[in-house]
Engineer: 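What follows is a structure written as structure tokens; I'll ask about it next.
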2 protein chains.
Amino acid sequence: MKFGLRHIRYFIAVAEELHFRRAAERLGIAQPALSRAIRYLEKELGVDLFVRSNRSVAITAAGQTFFDGCLTIVNSVAHVVENTRRVNQGQIGVLRIGYTDTAISGVLPGQLKAFQDQQPGVVLQPHHDVTNTQLQKLDQGVLDFGFVTGPINRSGYEQCPVQSERFVCVVYEAHPLAARKSIRMEEISGEDFVHGSSKDWQQFYSYLFPLCRRSGFEPRIVQEAYNTAGILGLVASGMGVTILTDNVRNSIVPGLVILDFEDVDENLQTMAVWRSDVMSGSKKLFVGFLRDDPLELS
Amino acid sequence: MKFGLRHIRYFIAVAEELHFRRAAERLGIAQPALSRAIRYLEKELGVDLFVRSNRSVAITAAGQTFFDGCLTIVNSVAHVVENTRRVNQGQIGVLRIGYTDTAISGVLPGQLKAFQDQQPGVVLQPHHDVTNTQLQKLDQGVLDFGFVTGPINRSGYEQCPVQSERFVCVVYEAHPLAARKSIRMEEISGEDFVHGSSKDWQQFYSYLFPLCRRSGFEPRIVQEAYNTAGILGLVASGMGVTILTDNVRNSIVPGLVILDFEDVDENLQTMAVWRSDVMSGSKKLFVGFLRDDPLELS
DNA sequence: AATAATTGATGCTAAAAGGGTATCATGAAA
DNA sequence: TTTCATGATACCCTTTTAGCATCAATTATT
């Protein structure tokens, strides 16, 4: 098969017009060139595609078969080109996105939905993982984006803040502080603390512990849970108090009271992070989206 | 889209090797030519298909999409070429075949089956029609082959004998001649005859009437039916006798007796006929089959 | 650190493919 | 018969494509 798409396009024109001169006109070439191209095609195939009497052109059965195939081929080519361009521009693609407990209970769902609305051709694959696991998967190329806690400091990565939440104290209704609207950090220095497992909540602790130390105490953790819901459950049952972020207000559990801190100005940052080297079209689009979207403060 | 199949083949080689020199080797061209061809392709598409660092080549997401598409395209092309060649050689195709009552009750079914076994890719479309209708449809190009009664005499047509049957006389059991094995034509000159409708059985009559006249009588037709089964039914009910061909022995009806003629040597010829101008591959194959196949005498 | 080796890109030239104009041969229509 | 329209052919020019030598950049080796 030494013919090209050109021959196929020429052949289609002749097959549709059944007239070499008109077909040549349509193609914007001279008639002899077309005649030769078709002859060449027939020679290559070893098949007579047309029966030319001097006054008319008829297509053979084999020619008809070839014609049908040619239509599917040019369609196929156009389709492939179109798709390739769309993938290049990111309108089609897959984004594997990691998220933390904190991220998913905040603005992330809304952001993903907003992006999905803008780019319906991009498939978003969310993966629930803690910050460290997400960073590992980004290294391995298993994730395209991470939504993690705290600014990270790695070469070859870029990041962008997506969420900033105040810390709050969560106590059970019967607790002495439950009547208050807001408290100071030092007031809970003596409390029993419920919190996330030290391994998975490492990044959160790296925020929290310095805050406690600044107020002069080390939190005494008496119970650990594996996720936010678990922590809130333990607090509600009177095991102790906990420090979480503002967005626990989105998931109200009866029996709990949420108190602001008067003396804590630092917020928990959730960052979108991604490798700056590999940049698919969809990834570029998502980065643009993250940067254009104004930071929503909770 | 100004690129050709050549670019696609080149691209596939590079995408599979991820190495320009090796890909060029595989294609049997020099490396610079390949580099330029791919660059051209990328420019035409407006898409980077590969990321070339000086030491390695990686395919982009868009490139991967294009690659997948390219595989389907070259497959499609190969498939279309293959099919076209097969149609050209007649291994694939449609043959519209007309047949008469007489033909279908004789050797035709066996012949069609034999051809079908040789050429399983050819679709045979049988159409039941009397001789005249078949000839009309052949003129219109609606049929490719006719299996008709008697040699025909038309310019632009070819024909080939496929069946030759002796005439027989069919009488009911109670008939005086029923005890005989064979008779002479003149013995039934006074009988009542049952036969096919004069319009549709015209060709048969053109055989039969001269035979009767040669024996000195004109058959007195008292009842007409539209097909062989109808005729036999009327004979069995004692309406009269009829003259048919030998192959009525294939469809035995109780109450009937079949008698050979002692003095009739002429046979009823069934001919395959076709237009000699339009010759598709399948048609050529079928003609070859008809000519090679020895004439089966019943 | 210096050198060798390998990779894809570039510049130049030759060959091949493709196209245009004029013209021919043929069969249908007038 | 003449005229007309059609596809094929001949000849020449343009564009495309390939090959060769070489470059620039990076990696591997010493």
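Order of the sequence lines sets the chain letters (A, B, ...), proteins ahead of strands, with each chain counted from 1.
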Engineer: Flag the pair A:Phe286 / A:Gln119 as yes when at least one side-chain heavy-atom distance between them is below 4.5 Å, and no otherwise.
Structural biologist: no
Engineer: Step through it carefully: locate the ring centre of B:His127, locate the ring centre of B:Tyr99, and say whether they are under 6.0 Å apart.
Structural biologist: no
Engineer: Taking the nucleotide of DNA chain D with the closest heavy atom to each, which residue, A:Ser53 or B:Gly28, is nearer the 5' end?
Structural biologist: A:Ser53
Engineer: Whole Å only: how far is the CZ atom of B:Phe3 from the C1' atom of D:dT16?
Structural biologist: 17 Å
Engineer: Within this structure, what is the CZ-to-P distance between A:Arg21 and D:dA8, rounded to whole angstrom?
Structural biologist: 14 Å
Engineer: What does A:Arg36 touch in the nucleic acid at a heavy-atom separation under 4.0 angstrom: a base, only the sugar-phosphate, or nothing?
Structural biologist: base
Engineer: What's the CZ-P distance between A:Arg22 and D:dT6, to the nearest Å?
Structural biologist: 7 Å
Engineer: Just the rounded figure in Å: distance from P of D:dC20 to CD1 of B:Ile29.
Structural biologist: 12 Å
Engineer: Which is it for A:Arg39 and A:Glu42 under the salt bridge (charged side-chain N to carboxylate O under 4.0 Å, His left out) test, yes or no, and what are the steps along the way?
Structural biologist: CA-CA 5 Å; A:Arg39 278 244 172 273; A:Glu42 290 180 314; 3.5 Å; yes
Engineer: Base, sugar-phosphate, or nothing: which does A:Arg55 touch, judged by heavy atoms less than 4.0 Å apart?
Structural biologist: base
Engineer: Can you tell me how far C1' of D:dC4 sits from CG of A:Asn54, to the nearest Å?
Structural biologist: 12 Å
Engineer: Please state how far atom CD in B:Glu25 lies from atom P in C:dG8, giving the value in whole angstrom units.
Structural biologist: 11 Å
Engineer: Is it the case that more than 12 heavy atoms not belonging to B:His128 sit under 6.0 Å from its NE2 atom?
Structural biologist: yes
Engineer: To the side chain of A:Phe20, which of C:dG19, D:dA8, C:dG8 is closest?
Structural biologist: D:dA8
Engineer: What's A:Tyr40 touching, base or sugar-phosphate or nothing? Going by heavy atoms closer than 4.0 Å.
Structural biologist: nothing
Engineer: Could you check how far NZ of A:Lys2 sits from C1' of D:dT17, rounded to whole Å?
Structural biologist: 14 Å
Engineer: Given D:dT9, C:dA9, D:dG7, identify the nucleotide with an atom nearest to the side chain of A:Pro32.
Structural biologist: D:dT9
Engineer: Of the candidate nucleotides D:dA8, D:dA21, C:dA17, which contains the atom at the shortest distance from the side chain of A:Arg6?
Structural biologist: C:dA17
Engineer: Report yes if at least one side-chain N or O of A:Ser35 is closer than 4.0 Å to OP1 or OP2 of D:dG7; otherwise report no.
Structural biologist: no
Engineer: Among D:dA18, D:dA8, C:dG19, find the nucleotide with the atom closest to the side chain of A:Tyr10.
Structural biologist: C:dG19
Engineer: Ring centres of A:Phe11 and A:Phe50 under 6.0 Å apart?
Structural biologist: yes
Engineer: Write down the distance between CG (B:Leu27) and P (C:dG8), rounded to a whole number of angstrom.
Structural biologist: 13 Å
